[in-house]
K.L.:
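What follows is a single structure, and I will ask about it in a moment.
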Amino acid sequence: MYKGRNWARTVLAVFGGLRLLSLPIVLIGLTGALLVIGVLQLPLLMGAIVTMFLPAANAWFRPRQPGF
């Protein structure tokens, strides 16, 4: 993502989405501090995925010409 590669954004969105789908199942078996960390992951992960596809981020991932 650092170099503006669109495939990296896609891969991170897919793995993040899979994590979001599996997190409720994982949370069932957790207790204590691990449960708190798992619950905090939900909004952070959703925010990261949404932020990767905002217009400002789209400009970063737009193909550039060499030298610019």
K.L.:
Hey, could you give me each pair passing side-chain hydrogen bond (donor to acceptor under 3.5 Å, both in side chains) that has a residue in residues 18-45? Not counting sequence neighbours.
P.N.:
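Listed once each, the pairs are Arg19-Gln41.
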
K.L.:
Does atom CZ of Phe15 have more than 12 heavy-atom neighbours, drawn from other residues, nucleotides or ligands, at distances under 6.0 Å?
P.N.:
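It does not: Phe15 CZ has 12 such atoms or fewer within range.
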
K.L.:
To the closest 0.5 Å, what do you measure between CG (Leu40) and CG (Leu45)?
P.N.:
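That separation rounds to 12.5 Å.
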
K.L.:
In terms of hydrophobic clustering (I, L, V, M, F, W, Y; side-chain heavy atoms under 4.5 Å; direct or indirect links), are Val11 and Ile49 co-clustered?
P.N.:
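No, no single cluster joins them.
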
K.L.:
Write out all pairs satisfying side-chain hydrogen bond (donor to acceptor under 3.5 Å, both in side chains) with one or both partners inside residues 52-62, taking only residues at least two apart or from two chains.
P.N.:
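Residue pairs with at least one partner in residues 52-62: Arg9-Asn58.
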
K.L.:
With rounding to the nearest 0.5 angstrom, report the CG to CG distance, Leu18 to Leu23.
P.N.:
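That separation rounds to 12.0 Å.
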
K.L.:
For the CG atom of Leu42 and the CG atom of Leu20, what is their distance to the nearest 0.5 Å?
P.N.:
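CG of Leu20 is found 6.5 Å from CG of Leu42.
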
K.L.:
Please determine whether residues Leu54 and Phe61 belong to a single hydrophobic cluster, defined as Ile, Leu, Val, Met, Phe, Trp and Tyr linked transitively by side-chain heavy-atom distances below 4.5 Å.
P.N.:
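Shared cluster, no.
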
K.L.:
Could you grab the distance from atom OG1 of Thr51 to atom CG of Leu44, nearest 0.5 Å is fine?
P.N.:
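The distance works out to 10.5 Å.
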
K.L.:
Tell me the closest heavy-atom pair linking Ala57 and Met52, and the distance in Å.
P.N.:
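That closest heavy-atom pairing would be CB-O, 3.3 Å.
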
